[in-house]
Amino acid sequence: MDGWANPQDRPPLKYGSFPTSRRPVSPDDRTFPRRRACPVVPGRRIRRPMLDLLTRPVAAAVADRLNVAPTQVAGLFAPPAKGFAADLALPCFQLAKAAGKAPPALATDLAAFLPTVIPGLTATAVGPFCNLSFAAGNVAQALLPALAEPTAALRSSAGAGRTAAIDFSSPNIAKHLAFHHIRSTMLGNALAHCYQAAGWKTVRINFLGDWGTAFGRLISGWKREGLTLDQLRAADDQVTFLNALYVRASQAAKGDAALEDDARRWSKKLEDGDAEARHLWQIFKDASLAEFQRVYALLGVTFDSWKGEAYYEDKMGPILAELADKNLTSEDQGATIVDLPKLVGKQFKKPALIKRADGGTLYATRDLAACDDRMREFAADRALYVVDLGQSLHFTEWFAVAKLLNRPFAGNLRHVGFGVVLMWNDEPGEGLEPGWAKGRTRAGKVMLLREVLEEAIDRAAVIVREKNPDLDAAEQATIARQVGIGAVVFNDLKNGRTNDVKFKFEDALRFDGETGPYLQFAHARLCSIERKANVGDLAGDPALLTSDHEKNVLLAIAKLQNALERTVEADEPSLLAAALLNLAGEIAVWLTSGNSNLDARVLCLDAAQSAARLRLVRAARGALGEGLRLLGLAAPERM
RNA sequence: GUACCCGUAGCUCAGUCGGAAGAGCAUCCGCCUUCUAAGCGGACGGUCGCGUGUUCGAAUCACGCCGGGUACGCCA
């Protein structure tokens, strides 16, 4: 999608339109099954060590009784159906086969047997299911000691020793970060955090769109209008200035062959390393980066590598030579291609283009060169490309070429694709129905990311002032920023990434229900209790945590680890988001239960009881705070 | 035409190897003497797009349709 202020300003496609949003997974790759939004890698067992603390003894007992391997039982535990007051359900279908019994009979048998060997366990057979309830105190004794570190619930060693190179955000120079850039940026940011939490080393790469024929037009326009650096610097917004320049230049060049030629000449000069062209290009790039950094700072996003397309412009020789050496390229209509239908198979309908008829290189070539460079520099084991699904074909093609080149990493390249952002359009123009439309809102304007964030902050500020009149202005502003941005970011992360995002201001900026602020509010409530408790080391006795509310909070915490590992394996932050919503929900129920019952409060009269509950507060606050951080949201202590 | 994404409650979406249909919003009814009501409880609401097949069992798997979206040789 493009970033022109008005659609009519958008240049015709035939020459030098700016690239669409840069940069996708392979279709035939087993890690990305066709119809599943949240794929789980087959063959690789998803672990849940934290929850295993509870289920292991049960699995062992069942396995022992039925004479099967414990691992055959461990994976079966499932959430109970709604309406059954149980913690976990054990479906007996598969085990019934091994036991030579009908599922309901086995369920009945296990329901009678298990409580005799597992202390504190109650079990009820409901048809073919055996529903299990643990005693709250036992759950706390099993889990709380493992949660002494605040972040322990969201740590895993699944990726220890491995490195992931994550390519995300990737905006184009001389254009604004449009709202849709939030997708790649925050998905990539969340994945980088989650990979790290799962033990991976990560490299965050911003593959800037800093090259292309559009810069020839921009330079040509700059020279024609006699603009100066001072004029650029004096602009309120340098990117807007450059954008407007581009629009004027392309308007002027429309139907003016001389200007078109001039733009082409500047493109060529830029490619040839002409000093003046390079100087102007660098100025445009610096101005753009400064603006990008303002937005990244708001979002709290950082990068380790900023090598853009321009960096690789003169580094494609070796890959072209290697392709030729290995007889993988051929000529077709003057262009150099890799004949994928012939070399790989008929799942490919067309060849991959490697070199244009005029000798210029292409997107795929750059990605191949960049990938070699990254793998060498960072010794990465896996590479993620967080790019919209519209570019799937591009990635399947060059991934296939990497395989033909026998790259050892070829099987570990992942296109983390996502759906487009659609805006509600009330007035789409003559003959068109109102509806969801790509990129633009009612006035036909492209929504800029910064504008959306600022609007969200403004709306949050109104509520913050109302709810926290005693806080000083600076703290109110900080909270408004955290909550406003949290709402927008979480709105983008909470659903499966392959869905198209339907953006309405009112929905994205909602502060109640399943939202970022909902998570943040639960966190703030826990912090508030800790402040009031005003205690240091806590040595509460887990056995005193005997209510179902407390048990449910613990179980919700214990499920986070599994959610984290699934998030990493499926490259799907919405899995973590869902687990955090579940946790925040249990926290809210727990804390609210204290409203009408003083004895149920954390800060109650019974000091020992209170100390035990404070341990749970600390564990929950640590887990929720860390979860927010992993998703890229702030965790306010007050709101 | 080919490939990919999507289709589940009025709206927006979850649904973890195939095993018990879920949430938020909206609407309606309750709960502030509050460890923070940005919260909690309840009600209402569904032929899981359609069909066939596989299976003891299908929202889930296979095949075929229908509908919406996206992409398909010298842009990125």
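To find a chain, count down the sequence lines: A is the first, B the second, and so on, and within it residues start at 1. Keep in mind it's a predicted model, so treat the numbers as computed, not measured.
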Does [X] have a side-chain nitrogen or oxygen under 4.0 Å from the phosphate oxygens OP1 or OP2 of [N]?
X: R356(A); N: C75(B); value: yes
X: K532(A); N: U36(B); value: yes
X: N499(A); N: G7(B); value: no
X: Y518(A); N: C25(B); value: no
X: S528(A); N: U36(B); value: yes
X: R601(A); N: C35(B); value: yes
X: T498(A); N: C6(B); value: yes

Would you be so kind as to tabulate the donor-acceptor pairs closer than 3.5 Å made by side chains of residues 478-490 of chain A, with sequence neighbours excluded?
| unit_1 | atom_1 | unit_2 | atom_2 | d |
| --- | --- | --- | --- | --- |
| T478(A) | OG1 | A474(A) | O | 3.1 |

Could you give the distance separating [M] and [N] at their [atom1] atoms, to the nearest angstrom?
N: G24(B); M: A20(B); atom1: C1'; value: 23 Å
N: A43(B); M: G7(B); atom1: P; value: 28 Å
N: U12(B); M: C72(B); atom1: C1'; value: 31 Å
N: C35(B); M: G18(B); atom1: C1'; value: 46 Å
N: G19(B); M: C28(B); atom1: P; value: 38 Å
N: C63(B); M: G45(B); atom1: P; value: 37 Å
N: G15(B); M: A9(B); atom1: P; value: 15 Å
N: C65(B); M: C11(B); atom1: P; value: 28 Å

| N/O donor-acceptor pair, side chain N131(A) with base A20(B), under 3.5 angstrom |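 It does, because a donor-acceptor pair links the side chain of N131(A) to the base of A20(B) below 3.5 Å.
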
| task | Please test D571(A) against R497(A) for side chain to side chain contact (heavy atoms under 4.5 Å, CB included), starting from the C-alpha separation and ending with a verdict. | result | CA-CA 9 Å; D571(A) 297 311; R497(A) 62 178 156 78; 4.0 Å; yes

Starting at [atom1] of [X] and ending at [atom2] of [N], how long is that distance when rounded to a whole Å?
X: K350(A); N: C74(B); atom1: NZ; atom2: P; result: 9 Å
X: F93(A); N: A58(B); atom1: CZ; atom2: C1'; result: 13 Å
X: H523(A); N: U36(B); atom1: NE2; atom2: P; result: 14 Å
X: D492(A); N: U12(B); atom1: CG; atom2: P; result: 17 Å
X: K97(A); N: G18(B); atom1: NZ; atom2: P; result: 12 Å
X: K346(A); N: U2(B); atom1: NZ; atom2: C1'; result: 14 Å
X: H549(A); N: C40(B); atom1: NE2; atom2: C1'; result: 10 Å
X: L389(A); N: C4(B); atom1: CG; atom2: P; result: 12 Å

| Which of these passes side chain to side chain contact (heavy atoms under 4.5 Å, CB included) with L90(A): T55(A), L110(A), N131(A)? |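 Per the side chain to side chain contact (heavy atoms under 4.5 Å, CB included) rule, the option paired with L90(A) is L110(A), out of T55(A), L110(A), N131(A).
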
Touch check for [X], heavy atoms < 4.0 angstrom, all strands: base, sugar-phosphate only, or nothing?
X: Q94(A); value: nothing
X: P351(A); value: base
X: P103(A); value: nothing
X: V338(A); value: nothing
X: A357(A); value: base
X: N595(A); value: sugar-phosphate
X: A533(A); value: nothing
X: V617(A); value: nothing
X: G594(A); value: base

Between [options], which nucleotide has the shortest distance from any of its atoms to the side chain of [X]?
X: L591(A); options: C35(B), G73(B), C74(B); value: C35(B)
X: D332(A); options: C74(B), G73(B), C35(B); value: G73(B)
X: T592(A); options: C40(B), C25(B), C74(B); value: C40(B)
X: F521(A); options: C74(B), G41(B), U36(B); value: U36(B)
X: P80(A); options: A20(B), A26(B), C35(B); value: A20(B)
X: D512(A); options: C74(B), C35(B), G39(B); value: G39(B)
X: F84(A); options: A20(B), U36(B), C75(B); value: A20(B)
X: K502(A); options: C13(B), C74(B), A20(B); value: C13(B)
X: R566(A); options: A26(B), U16(B), U2(B); value: U16(B)
X: N495(A); options: C40(B), C13(B), A20(B); value: C13(B)

For [N], which nucleotide is its Watson-Crick or G-U wobble mate, given both distances must be under 3.5 Å?
N: G39(B); result: C31(B)
N: U2(B); result: A71(B)
N: G7(B); result: C66(B)
N: C13(B); result: G22(B)
N: C61(B); result: G53(B)

| query | Is there a side-chain hydrogen bond (donor to acceptor under 3.5 Å, both in side chains) between H394(A) and D367(A) once you walk through the steps? | reply | CA-CA 10 Å; H394(A) 162 70; D367(A) 266 327; 2.7 Å; yes

| Heavy-atom distance under 4.5 Å between the side chains of Y385(A) and C371(A), does that happen here? |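 Of all side-chain heavy-atom pairs linking C371(A) with Y385(A), at least one is under 4.5 Å.
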
| task | Evaluate the side-chain proximity of L343(A) to V338(A): yes if any heavy-atom separation is below 4.5 Å, no if none is. | result |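 Yes; the side chains approach each other to less than 4.5 Å.
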
| request: May I ask you to check whether over 12 heavy atoms, not counting those of Q94(A), lie within 6.0 Å of atom CD? | output: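 Incorrect, the count does not exceed 12.
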
| request: May I ask you to check whether over 12 heavy atoms, not counting those of E271(A), lie within 6.0 Å of atom CD? | output: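 For E271(A), atom CD is crowded (more than 12 foreign heavy atoms under 6.0 Å).
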
| query | Is C17(B) in the syn or the anti form, by the rule that syn lies within 90° of 0? | reply |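 This nucleotide is in syn.
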
| G73(B): syn or anti, with syn meaning chi within 90° of zero? |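 Syn for G73(B); the angle stays within 90° of 0.
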
| Can any side-chain N or O of S184(A) pair as donor or acceptor with the backbone N or O of F168(A) at less than 3.5 Å? |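 No, because the side chain of S184(A) does not come within donor-acceptor range (under 3.5 Å) of the backbone of F168(A).
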
| task | Specify the closest pair of heavy atoms between E397(A) and K350(A), including all atoms of both residues, with the distance to one decimal. | result |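 Looking at all heavy atoms of both residues, the closest pair is OE2-O, 4.3 Å.
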
